[in-house]
Amino acid sequence: MLNKLLKYEIKATARLFLPLYLTIVIFAAINLLFLDVPNASDKAFSSYGLMIGISMFVYVILMIGLVVMTLFVLIQRFYKSLLGDEGYLMFTLPVQSWSHILSKLIISMLWTIASGFVGFCSILLISSNKINISEFFSRIAMAFSQIQQQLGASTFLVGFEVMVLGLLTLASTILSIYAAIALGHLFNKYKLLASFGMYILLNIVSQIATTLFGAIFFNHSIFTPGGAYIPDLLLINSILLVSILYSGVFAAGYFFLTNYILKRKLNLE
Amino acid sequence: MSSILTCKNLSKSFGSKQALNNINLNIEKGRIIGLLGPNGSGKSTLIKLCNDLLKPTSGELQIMGRTPGIETKKVVSYLPERTYLNDWMKVSEIIQMFQDFYQDFNIEKAYDMLKRLNVNPNERLKTLSKGTKEKVQLILVMSREAQLYLLDEPIGGVDPAARDYILDTILGNYQENATIIISTHLISDIERILDDIIFLKDGQVVLTKSVDEIRDENGKSVDSLFREVFKC
(Lines give C-alpha, C1' and ligand atoms only; values in the text may rest on other atoms or scores of the structure.)
Protein backbone atom coordinates (compact mmCIF):
# COMPACT_ATOMS: atom_id res chain seq x y z
CA MET A 1 0.00 0.00 0.00
CA LEU A 2 2.89 2.36 0.72
CA ASN A 3 3.98 2.40 -2.91
CA LYS A 4 0.44 3.31 -4.00
CA LEU A 5 0.36 6.16 -1.52
CA LEU A 6 3.75 7.32 -2.77
CA LYS A 7 2.46 7.26 -6.32
CA TYR A 8 -0.50 9.50 -5.48
CA GLU A 9 1.61 11.79 -3.32
CA ILE A 10 4.05 12.31 -6.20
CA LYS A 11 1.16 12.99 -8.58
CA ALA A 12 -0.37 15.51 -6.19
CA THR A 13 2.86 17.44 -5.71
CA ALA A 14 4.69 17.16 -9.03
CA ARG A 15 2.06 19.30 -10.73
CA LEU A 16 3.04 22.12 -8.35
CA PHE A 17 6.81 21.78 -8.32
CA LEU A 18 7.73 20.89 -11.88
CA PRO A 19 6.25 24.05 -13.46
CA LEU A 20 8.01 26.19 -10.85
CA TYR A 21 11.34 24.46 -11.47
CA LEU A 22 10.95 24.98 -15.19
CA THR A 23 10.11 28.67 -14.73
CA ILE A 24 13.15 29.18 -12.51
CA VAL A 25 15.49 27.56 -15.01
CA ILE A 26 13.99 29.65 -17.83
CA PHE A 27 14.40 32.90 -15.89
CA ALA A 28 17.94 31.97 -14.89
CA ALA A 29 18.69 31.44 -18.58
CA ILE A 30 17.09 34.80 -19.49
CA ASN A 31 19.21 36.52 -16.85
CA LEU A 32 22.28 34.81 -18.16
CA LEU A 33 21.57 36.06 -21.68
CA PHE A 34 21.02 39.63 -20.50
CA LEU A 35 24.10 39.67 -18.32
CA ASP A 36 26.16 38.10 -21.05
CA VAL A 37 25.94 41.16 -23.29
CA PRO A 38 29.27 43.02 -23.11
CA ASN A 39 29.31 46.44 -21.48
CA ALA A 40 25.88 45.88 -20.10
CA SER A 41 26.72 48.02 -17.08
CA ASP A 42 27.29 51.05 -19.34
CA LYS A 43 23.71 50.83 -20.36
CA ALA A 44 22.49 50.68 -16.81
CA PHE A 45 20.08 53.56 -17.25
CA SER A 46 18.78 52.59 -20.62
CA SER A 47 15.69 50.48 -21.19
CA TYR A 48 18.04 47.56 -21.51
CA GLY A 49 19.16 48.07 -17.94
CA LEU A 50 15.56 48.16 -16.89
CA MET A 51 14.99 44.80 -18.51
CA ILE A 52 17.97 43.34 -16.70
CA GLY A 53 16.60 44.74 -13.48
CA ILE A 54 13.14 43.31 -14.07
CA SER A 55 14.33 39.86 -15.05
CA MET A 56 16.67 39.77 -12.06
CA PHE A 57 13.82 40.87 -9.82
CA VAL A 58 11.54 38.17 -11.15
CA TYR A 59 14.27 35.59 -10.65
CA VAL A 60 14.83 36.63 -7.03
CA ILE A 61 11.07 36.50 -6.39
CA LEU A 62 10.97 33.02 -7.93
CA MET A 63 13.82 31.86 -5.71
CA ILE A 64 12.01 33.15 -2.64
CA GLY A 65 8.88 31.48 -3.99
CA LEU A 66 10.80 28.22 -4.27
CA VAL A 67 11.69 28.26 -0.57
CA VAL A 68 8.22 29.37 0.52
CA MET A 69 6.43 26.87 -1.70
CA THR A 70 8.60 23.93 -0.62
CA LEU A 71 7.73 24.67 2.98
CA PHE A 72 4.10 25.49 2.24
CA VAL A 73 3.45 22.30 0.26
CA LEU A 74 5.17 20.26 2.95
CA ILE A 75 2.79 21.63 5.58
CA GLN A 76 -0.29 21.73 3.39
CA ARG A 77 0.07 18.15 2.13
CA PHE A 78 0.03 16.93 5.70
CA TYR A 79 -2.52 19.30 7.17
CA LYS A 80 -5.03 19.45 4.35
CA SER A 81 -4.80 15.97 2.97
CA LEU A 82 -4.87 14.15 6.31
CA LEU A 83 -6.59 16.46 8.76
CA GLY A 84 -8.79 18.49 6.40
CA ASP A 85 -11.74 17.29 4.32
CA GLU A 86 -9.54 15.04 2.21
CA GLY A 87 -8.73 13.17 5.42
CA TYR A 88 -12.21 11.64 5.15
CA LEU A 89 -10.98 9.84 2.07
CA MET A 90 -7.41 9.13 3.19
CA PHE A 91 -8.36 7.71 6.58
CA THR A 92 -11.11 5.49 5.23
CA LEU A 93 -8.64 3.81 2.87
CA PRO A 94 -7.53 0.45 4.26
CA VAL A 95 -4.05 1.80 4.96
CA GLN A 96 -2.09 1.99 8.22
CA SER A 97 -1.54 5.48 9.57
CA TRP A 98 2.23 5.06 9.55
CA SER A 99 2.15 4.52 5.78
CA HIS A 100 0.41 7.87 5.40
CA ILE A 101 3.09 9.62 7.44
CA LEU A 102 5.93 7.80 5.72
CA SER A 103 4.62 8.56 2.23
CA LYS A 104 4.25 12.27 3.04
CA LEU A 105 7.70 12.32 4.62
CA ILE A 106 9.52 10.61 1.76
CA ILE A 107 7.93 12.81 -0.90
CA SER A 108 8.54 15.99 1.12
CA MET A 109 12.20 15.06 1.54
CA LEU A 110 12.44 14.38 -2.15
CA TRP A 111 11.03 17.81 -3.09
CA THR A 112 13.12 19.63 -0.50
CA ILE A 113 16.28 18.10 -1.97
CA ALA A 114 15.07 18.71 -5.52
CA SER A 115 14.26 22.36 -4.71
CA GLY A 116 17.74 22.84 -3.24
CA PHE A 117 19.28 21.24 -6.29
CA VAL A 118 17.27 23.36 -8.74
CA GLY A 119 18.06 26.53 -6.80
CA PHE A 120 21.77 25.71 -6.75
CA CYS A 121 21.86 24.85 -10.46
CA SER A 122 20.05 28.04 -11.40
CA ILE A 123 22.61 30.11 -9.48
CA LEU A 124 25.38 28.21 -11.25
CA LEU A 125 23.67 28.91 -14.56
CA ILE A 126 23.34 32.64 -13.94
CA SER A 127 26.91 33.01 -12.77
CA SER A 128 28.34 30.81 -15.50
CA ASN A 129 29.64 33.85 -17.37
CA LYS A 130 31.26 35.31 -14.27
CA ILE A 131 32.94 32.18 -13.03
CA ASN A 132 34.44 29.36 -14.92
CA ILE A 133 32.20 26.38 -14.28
CA SER A 134 34.83 23.79 -15.06
CA GLU A 135 37.23 25.55 -12.72
CA PHE A 136 34.53 25.63 -10.09
CA PHE A 137 34.10 21.89 -10.29
CA SER A 138 37.83 21.23 -10.41
CA ARG A 139 38.21 23.28 -7.22
CA ILE A 140 35.54 21.14 -5.58
CA ALA A 141 37.31 18.03 -6.81
CA MET A 142 40.55 19.39 -5.35
CA ALA A 143 38.91 20.00 -2.01
CA PHE A 144 37.65 16.45 -2.03
CA SER A 145 41.08 15.04 -2.82
CA GLN A 146 42.51 17.01 0.09
CA ILE A 147 39.90 15.54 2.36
CA GLN A 148 40.78 12.16 0.99
CA GLN A 149 44.45 12.72 1.81
CA GLN A 150 43.48 13.49 5.37
CA LEU A 151 41.11 10.63 5.84
CA GLY A 152 42.59 8.04 3.56
CA ALA A 153 40.53 4.97 2.90
CA SER A 154 37.75 6.09 5.23
CA THR A 155 36.63 8.97 2.98
CA PHE A 156 33.82 6.91 1.64
CA LEU A 157 32.66 5.95 5.11
CA VAL A 158 32.77 9.53 6.38
CA GLY A 159 31.01 10.77 3.25
CA PHE A 160 28.32 8.17 3.73
CA GLU A 161 27.90 9.14 7.36
CA VAL A 162 27.61 12.81 6.45
CA MET A 163 24.94 11.93 3.90
CA VAL A 164 22.97 9.81 6.35
CA LEU A 165 23.22 12.56 8.94
CA GLY A 166 21.97 15.13 6.42
CA LEU A 167 18.99 12.98 5.45
CA LEU A 168 18.13 12.18 9.06
CA THR A 169 18.32 15.84 10.05
CA LEU A 170 16.01 16.73 7.16
CA ALA A 171 13.64 13.92 8.14
CA SER A 172 13.52 14.93 11.78
CA THR A 173 12.92 18.58 10.83
CA ILE A 174 9.96 17.61 8.64
CA LEU A 175 8.66 15.14 11.23
CA SER A 176 8.82 17.80 13.93
CA ILE A 177 6.47 19.91 11.78
CA TYR A 178 4.13 16.92 11.35
CA ALA A 179 4.19 16.23 15.09
CA ALA A 180 3.43 19.88 15.83
CA ILE A 181 0.45 19.86 13.44
CA ALA A 182 -0.83 16.58 14.90
CA LEU A 183 -0.47 17.92 18.45
CA GLY A 184 -2.22 21.14 17.47
CA HIS A 185 -5.07 19.08 16.09
CA LEU A 186 -5.78 17.71 19.57
CA PHE A 187 -7.05 21.13 20.58
CA ASN A 188 -10.74 21.79 20.23
CA LYS A 189 -10.27 25.33 18.97
CA TYR A 190 -7.60 27.38 17.20
CA LYS A 191 -5.94 24.25 15.83
CA LEU A 192 -3.58 26.10 13.49
CA LEU A 193 -2.46 28.51 16.17
CA ALA A 194 -1.99 25.59 18.54
CA SER A 195 0.09 23.78 15.91
CA PHE A 196 2.33 26.81 15.60
CA GLY A 197 2.71 27.00 19.37
CA MET A 198 3.49 23.28 19.51
CA TYR A 199 6.17 23.71 16.87
CA ILE A 200 7.88 26.37 18.95
CA LEU A 201 7.55 24.20 22.03
CA LEU A 202 9.01 21.13 20.30
CA ASN A 203 11.89 23.26 19.08
CA ILE A 204 12.66 24.66 22.51
CA VAL A 205 12.66 21.15 23.95
CA SER A 206 14.95 19.81 21.25
CA GLN A 207 17.29 22.82 21.58
CA ILE A 208 17.63 22.26 25.30
CA ALA A 209 18.21 18.55 24.74
CA THR A 210 20.84 19.26 22.09
CA THR A 211 22.67 21.75 24.28
CA LEU A 212 22.73 19.36 27.23
CA PHE A 213 23.72 16.48 25.01
CA GLY A 214 26.54 18.46 23.41
CA ALA A 215 27.80 19.66 26.74
CA ILE A 216 28.00 16.12 28.07
CA PHE A 217 29.32 14.18 25.10
CA PHE A 218 31.28 16.63 22.99
CA ASN A 219 33.21 18.28 25.77
CA HIS A 220 36.43 17.81 23.84
CA SER A 221 39.42 19.98 23.14
CA ILE A 222 38.47 20.22 19.47
CA PHE A 223 35.81 22.71 20.45
CA THR A 224 37.95 24.84 22.73
CA PRO A 225 39.04 28.03 20.99
CA GLY A 226 42.67 28.31 19.96
CA GLY A 227 43.26 24.60 20.23
CA ALA A 228 45.36 23.84 17.17
CA TYR A 229 44.16 20.34 16.99
CA ILE A 230 43.75 18.24 13.92
CA PRO A 231 40.83 15.92 14.51
CA ASP A 232 41.66 12.30 14.04
CA LEU A 233 39.53 9.88 12.13
CA LEU A 234 38.24 8.10 15.16
CA LEU A 235 36.96 11.34 16.62
CA ILE A 236 35.28 12.42 13.38
CA ASN A 237 33.67 9.05 13.05
CA SER A 238 32.43 8.95 16.59
CA ILE A 239 31.04 12.50 16.41
CA LEU A 240 29.21 11.63 13.21
CA LEU A 241 27.87 8.35 14.55
CA VAL A 242 26.66 9.91 17.78
CA SER A 243 25.02 12.72 15.78
CA ILE A 244 23.34 10.19 13.51
CA LEU A 245 22.07 8.30 16.51
CA TYR A 246 20.93 11.51 18.11
CA SER A 247 18.92 12.82 15.16
CA GLY A 248 17.67 9.30 14.51
CA VAL A 249 16.22 9.18 18.01
CA PHE A 250 14.54 12.54 17.45
CA ALA A 251 13.16 11.56 14.05
CA ALA A 252 11.81 8.31 15.48
CA GLY A 253 10.33 10.13 18.47
CA TYR A 254 8.47 12.62 16.25
CA PHE A 255 7.34 9.80 13.97
CA PHE A 256 5.89 7.70 16.77
CA LEU A 257 4.26 10.71 18.38
CA THR A 258 2.58 11.69 15.10
CA ASN A 259 1.53 8.11 14.42
CA TYR A 260 0.15 7.69 17.92
CA ILE A 261 -2.01 10.78 17.53
CA LEU A 262 -3.26 9.86 14.04
CA LYS A 263 -3.99 6.27 15.07
CA ARG A 264 -5.39 6.65 18.56
CA LYS A 265 -6.51 10.24 18.91
CA LEU A 266 -7.77 11.14 15.46
CA ASN A 267 -10.88 13.30 15.63
CA LEU A 268 -11.98 14.65 12.29
CA GLU A 269 -14.80 17.04 13.02
CA MET B 1 -24.38 -13.97 15.11
CA SER B 2 -25.70 -12.23 12.06
CA SER B 3 -25.14 -8.73 13.41
CA ILE B 4 -22.85 -6.43 11.48
CA LEU B 5 -22.69 -3.47 13.82
CA THR B 6 -22.93 -3.40 17.58
CA CYS B 7 -22.61 -0.48 20.00
CA LYS B 8 -22.28 -0.99 23.73
CA ASN B 9 -22.73 2.01 26.01
CA LEU B 10 -21.14 4.11 23.31
CA SER B 11 -20.55 7.75 24.21
CA LYS B 12 -18.71 10.53 22.45
CA SER B 13 -18.17 14.07 23.61
CA PHE B 14 -16.36 17.01 22.11
CA GLY B 15 -14.99 19.00 24.99
CA SER B 16 -17.99 19.62 27.21
CA LYS B 17 -20.49 18.90 24.47
CA GLN B 18 -21.99 15.42 24.56
CA ALA B 19 -22.63 14.27 20.99
CA LEU B 20 -23.58 10.65 21.73
CA ASN B 21 -24.82 9.49 25.08
CA ASN B 22 -24.77 5.81 26.00
CA ILE B 23 -25.86 4.29 22.69
CA ASN B 24 -26.74 0.60 22.55
CA LEU B 25 -27.43 -0.83 19.12
CA ASN B 26 -27.36 -4.14 17.35
CA ILE B 27 -27.76 -3.94 13.59
CA GLU B 28 -28.31 -7.10 11.60
CA LYS B 29 -26.99 -8.03 8.21
CA GLY B 30 -28.98 -7.58 5.05
CA ARG B 31 -31.11 -4.65 6.17
CA ILE B 32 -31.52 -1.11 4.95
CA ILE B 33 -31.64 1.13 7.97
CA GLY B 34 -32.60 4.76 8.19
CA LEU B 35 -30.63 6.67 10.82
CA LEU B 36 -33.00 9.52 11.40
CA GLY B 37 -32.92 12.55 13.59
CA PRO B 38 -32.84 16.33 13.52
CA ASN B 39 -29.67 18.30 12.88
CA GLY B 40 -27.11 17.85 15.63
CA SER B 41 -28.68 14.67 16.99
CA GLY B 42 -25.44 12.70 16.56
CA LYS B 43 -26.05 10.91 13.23
CA SER B 44 -22.76 11.94 11.63
CA THR B 45 -20.86 11.38 14.85
CA LEU B 46 -22.08 7.78 15.01
CA ILE B 47 -21.17 7.15 11.38
CA LYS B 48 -17.73 8.71 11.82
CA LEU B 49 -17.10 6.50 14.84
CA CYS B 50 -17.85 3.49 12.62
CA ASN B 51 -15.21 4.73 10.19
CA ASP B 52 -12.47 5.27 12.75
CA LEU B 53 -12.46 9.00 11.98
CA LEU B 54 -13.46 9.64 15.58
CA LYS B 55 -12.57 7.69 18.69
CA PRO B 56 -15.21 6.87 21.30
CA THR B 57 -14.98 8.68 24.61
CA SER B 58 -16.31 5.57 26.33
CA GLY B 59 -18.05 2.33 25.48
CA GLU B 60 -17.36 0.30 22.40
CA LEU B 61 -18.35 -0.13 18.80
CA GLN B 62 -17.71 -3.20 16.68
CA ILE B 63 -18.16 -3.99 13.03
CA MET B 64 -18.32 -7.71 12.31
CA GLY B 65 -16.82 -8.28 15.71
CA ARG B 66 -13.85 -5.97 15.21
CA THR B 67 -13.15 -2.49 16.44
CA PRO B 68 -12.87 -0.06 13.49
CA GLY B 69 -9.47 -0.30 11.84
CA ILE B 70 -7.77 -1.43 8.71
CA GLU B 71 -9.76 -4.69 8.47
CA THR B 72 -13.14 -3.00 8.83
CA LYS B 73 -12.17 -0.30 6.33
CA LYS B 74 -11.81 -3.02 3.72
CA VAL B 75 -15.48 -3.96 4.05
CA VAL B 76 -17.09 -0.62 4.93
CA SER B 77 -17.98 1.82 2.19
CA TYR B 78 -18.51 5.32 3.53
CA LEU B 79 -20.11 8.37 2.00
CA PRO B 80 -19.29 11.39 4.16
CA GLU B 81 -21.58 14.38 4.46
CA ARG B 82 -18.95 16.62 2.88
CA THR B 83 -16.95 16.42 -0.32
CA TYR B 84 -13.60 14.83 0.21
CA LEU B 85 -12.54 14.90 -3.41
CA ASN B 86 -9.28 16.68 -4.12
CA ASP B 87 -9.71 19.32 -6.76
CA TRP B 88 -6.88 18.50 -9.07
CA MET B 89 -7.85 14.98 -10.11
CA LYS B 90 -9.98 13.96 -13.03
CA VAL B 91 -13.04 11.81 -12.40
CA SER B 92 -11.26 8.91 -14.11
CA GLU B 93 -8.23 9.37 -11.84
CA ILE B 94 -10.20 9.20 -8.61
CA ILE B 95 -11.90 6.08 -9.94
CA GLN B 96 -8.47 4.61 -10.62
CA MET B 97 -7.48 5.53 -7.08
CA PHE B 98 -10.43 3.61 -5.63
CA GLN B 99 -9.58 0.70 -7.90
CA ASP B 100 -6.01 0.79 -6.55
CA PHE B 101 -6.90 0.86 -2.89
CA TYR B 102 -10.10 -1.16 -2.57
CA GLN B 103 -10.12 -4.79 -3.57
CA ASP B 104 -13.92 -4.85 -3.69
CA PHE B 105 -14.15 -1.96 -6.19
CA ASN B 106 -15.98 -2.74 -9.40
CA ILE B 107 -14.68 -0.37 -12.07
CA GLU B 108 -17.18 -1.38 -14.77
CA LYS B 109 -20.02 -0.57 -12.46
CA ALA B 110 -18.51 2.84 -11.75
CA TYR B 111 -18.19 3.76 -15.43
CA ASP B 112 -21.67 2.46 -16.09
CA MET B 113 -23.14 4.70 -13.41
CA LEU B 114 -21.14 7.71 -14.60
CA LYS B 115 -22.68 7.22 -18.01
CA ARG B 116 -26.19 6.90 -16.61
CA LEU B 117 -25.78 10.09 -14.57
CA ASN B 118 -24.14 11.98 -17.44
CA VAL B 119 -20.83 12.63 -15.72
CA ASN B 120 -17.86 12.96 -18.05
CA PRO B 121 -14.95 10.87 -16.71
CA ASN B 122 -12.40 13.23 -18.24
CA GLU B 123 -13.70 16.23 -16.37
CA ARG B 124 -11.58 17.69 -13.59
CA LEU B 125 -13.22 17.49 -10.17
CA LYS B 126 -12.54 21.21 -9.72
CA THR B 127 -14.94 22.10 -12.53
CA LEU B 128 -17.85 19.97 -11.29
CA SER B 129 -20.83 21.49 -9.54
CA LYS B 130 -21.50 20.59 -5.93
CA GLY B 131 -24.33 18.26 -6.88
CA THR B 132 -22.23 16.50 -9.51
CA LYS B 133 -19.41 16.03 -7.01
CA GLU B 134 -21.89 14.37 -4.68
CA LYS B 135 -23.00 12.11 -7.49
CA VAL B 136 -19.38 11.14 -8.19
CA GLN B 137 -18.82 10.36 -4.52
CA LEU B 138 -21.94 8.25 -4.37
CA ILE B 139 -20.86 6.38 -7.50
CA LEU B 140 -17.44 5.70 -5.94
CA VAL B 141 -19.03 4.44 -2.75
CA MET B 142 -21.72 2.30 -4.40
CA SER B 143 -19.29 0.76 -6.89
CA ARG B 144 -17.67 -1.10 -4.04
CA GLU B 145 -19.03 -4.52 -3.23
CA ALA B 146 -18.88 -3.89 0.48
CA GLN B 147 -20.48 -5.55 3.51
CA LEU B 148 -21.62 -2.33 5.10
CA TYR B 149 -22.50 0.95 3.41
CA LEU B 150 -22.62 4.03 5.59
CA LEU B 151 -24.28 6.84 3.68
CA ASP B 152 -24.33 10.19 5.44
CA GLU B 153 -26.90 12.47 3.79
CA PRO B 154 -26.60 10.84 0.36
CA ILE B 155 -29.32 12.82 -1.35
CA GLY B 156 -29.07 16.17 0.40
CA GLY B 157 -27.41 18.10 -2.39
CA VAL B 158 -28.88 16.57 -5.52
CA ASP B 159 -32.05 17.57 -7.32
CA PRO B 160 -35.26 15.56 -6.74
CA ALA B 161 -35.09 14.07 -10.23
CA ALA B 162 -31.69 12.57 -9.55
CA ARG B 163 -32.78 11.43 -6.08
CA ASP B 164 -34.93 8.63 -7.44
CA TYR B 165 -32.15 7.41 -9.68
CA ILE B 166 -29.70 7.54 -6.77
CA LEU B 167 -32.02 5.57 -4.52
CA ASP B 168 -32.49 3.02 -7.29
CA THR B 169 -28.72 2.98 -7.67
CA ILE B 170 -28.33 2.26 -3.99
CA LEU B 171 -30.94 -0.48 -4.13
CA GLY B 172 -29.62 -2.00 -7.32
CA ASN B 173 -26.01 -2.10 -6.29
CA TYR B 174 -25.74 -4.02 -3.13
CA GLN B 175 -25.69 -7.70 -2.48
CA GLU B 176 -28.26 -9.64 -0.54
CA ASN B 177 -26.47 -9.82 2.78
CA ALA B 178 -24.89 -6.37 2.70
CA THR B 179 -26.21 -3.73 5.06
CA ILE B 180 -26.94 -0.10 4.31
CA ILE B 181 -27.25 2.61 6.91
CA ILE B 182 -28.57 5.89 5.54
CA SER B 183 -28.57 9.01 7.64
CA THR B 184 -30.89 11.77 6.52
CA HIS B 185 -33.66 14.09 7.50
CA LEU B 186 -35.31 13.85 4.07
CA ILE B 187 -37.44 10.99 5.31
CA SER B 188 -40.31 10.99 2.86
CA ASP B 189 -37.85 10.61 -0.03
CA ILE B 190 -36.21 7.48 1.28
CA GLU B 191 -39.02 5.93 3.26
CA ARG B 192 -39.92 3.49 0.51
CA ILE B 193 -36.54 1.76 0.57
CA LEU B 194 -36.08 1.39 4.32
CA ASP B 195 -36.47 -1.84 6.32
CA ASP B 196 -35.75 -0.42 9.76
CA ILE B 197 -35.40 2.95 11.38
CA ILE B 198 -33.33 4.33 14.24
CA PHE B 199 -34.45 7.64 15.73
CA LEU B 200 -31.69 9.67 17.34
CA LYS B 201 -32.38 12.63 19.56
CA ASP B 202 -29.81 14.65 21.50
CA GLY B 203 -27.29 11.85 21.19
CA GLN B 204 -29.62 9.12 22.40
CA VAL B 205 -31.55 6.38 20.62
CA VAL B 206 -35.22 7.08 21.19
CA LEU B 207 -36.70 4.44 18.92
CA THR B 208 -35.64 1.43 16.84
CA LYS B 209 -38.30 -0.31 14.84
CA SER B 210 -38.97 -1.91 11.52
CA VAL B 211 -40.93 0.14 9.03
CA ASP B 212 -43.58 -2.59 8.82
CA GLU B 213 -44.10 -2.44 12.57
CA ILE B 214 -44.53 1.30 12.42
CA ARG B 215 -47.16 0.95 9.74
CA ASP B 216 -48.96 -1.88 11.53
CA GLU B 217 -48.80 -0.65 15.11
CA ASN B 218 -48.88 3.09 14.70
CA GLY B 219 -50.76 3.17 11.44
CA LYS B 220 -48.47 5.92 10.28
CA SER B 221 -45.77 6.60 7.78
CA VAL B 222 -42.22 7.01 9.10
CA ASP B 223 -42.38 10.65 8.09
CA SER B 224 -45.42 11.43 10.24
CA LEU B 225 -44.07 9.40 13.14
CA PHE B 226 -40.84 11.40 12.90
CA ARG B 227 -42.79 14.66 12.99
CA GLU B 228 -44.62 13.42 16.06
CA VAL B 229 -41.55 12.22 17.96
CA PHE B 230 -39.44 15.26 17.16
CA LYS B 231 -42.19 17.84 17.47
CA CYS B 232 -40.64 21.16 18.39
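Lettering follows sequence order; numbering is per chain, from 1. Scope of the values below: all heavy atoms of this structure, side chains included, with no hydrogens, waters or symmetry mates.
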Would you say that I32(B) contacts L171(B) through its side chain, given a criterion of any heavy-atom pair below 4.5 Å between the two side chains? yes

Part of [X] lying under 4.5 Å from any heavy atom of chain B:
X	result
K265(A)	backbone
K263(A)	backbone
N188(A)	side chain
R15(A)	side chain

Relative to chain A, which segment of [X] carries a heavy atom at a distance below 4.5 Å: side chain, backbone, both, or neither?
X	result
I94(B)	side chain
Y102(B)	side chain
M97(B)	both
T83(B)	backbone
K55(B)	both

E145(B) vs K109(B), test: salt bridge (charged side-chain N to carboxylate O under 4.0 Å, His left out). Steps then yes/no. CA-CA 10 Å; E145(B) 279 149 12; K109(B) 219 182 216 178; 3.7 Å; yes

May I ask you to check whether over 12 heavy atoms, not counting those of K126(B), lie within 6.0 Å of atom NZ? no

Count the heavy atoms belonging to other residues, nucleotides or ligands that lie under 6.0 Å from CD of Q103(B), then report whether that count exceeds 12. no

Report yes if the distance between the aromatic ring centroids of F250(A) and Y246(A) is under 6.0 Å, otherwise no. yes

Select, from [options], the one with the greatest count of heavy-atom pairs under 4.5 Å involving chain A.
options	value
T45(B), L53(B), L54(B)	L53(B)
F98(B), F14(B), Y84(B)	Y84(B)
K12(B), R82(B), K74(B)	R82(B)

Geometric class of the F78(A)/Y178(A) ring pair [parallel <30°, tilted 30-60°, perpendicular >60°]: parallel

Output for pair (D112(B) CG, L117(B) CG), nearest 0.5 Å, gives 10.0 Å

Check: T92(A)/N51(B) side-chain N/O donor and acceptor closer than 3.5 Å: no

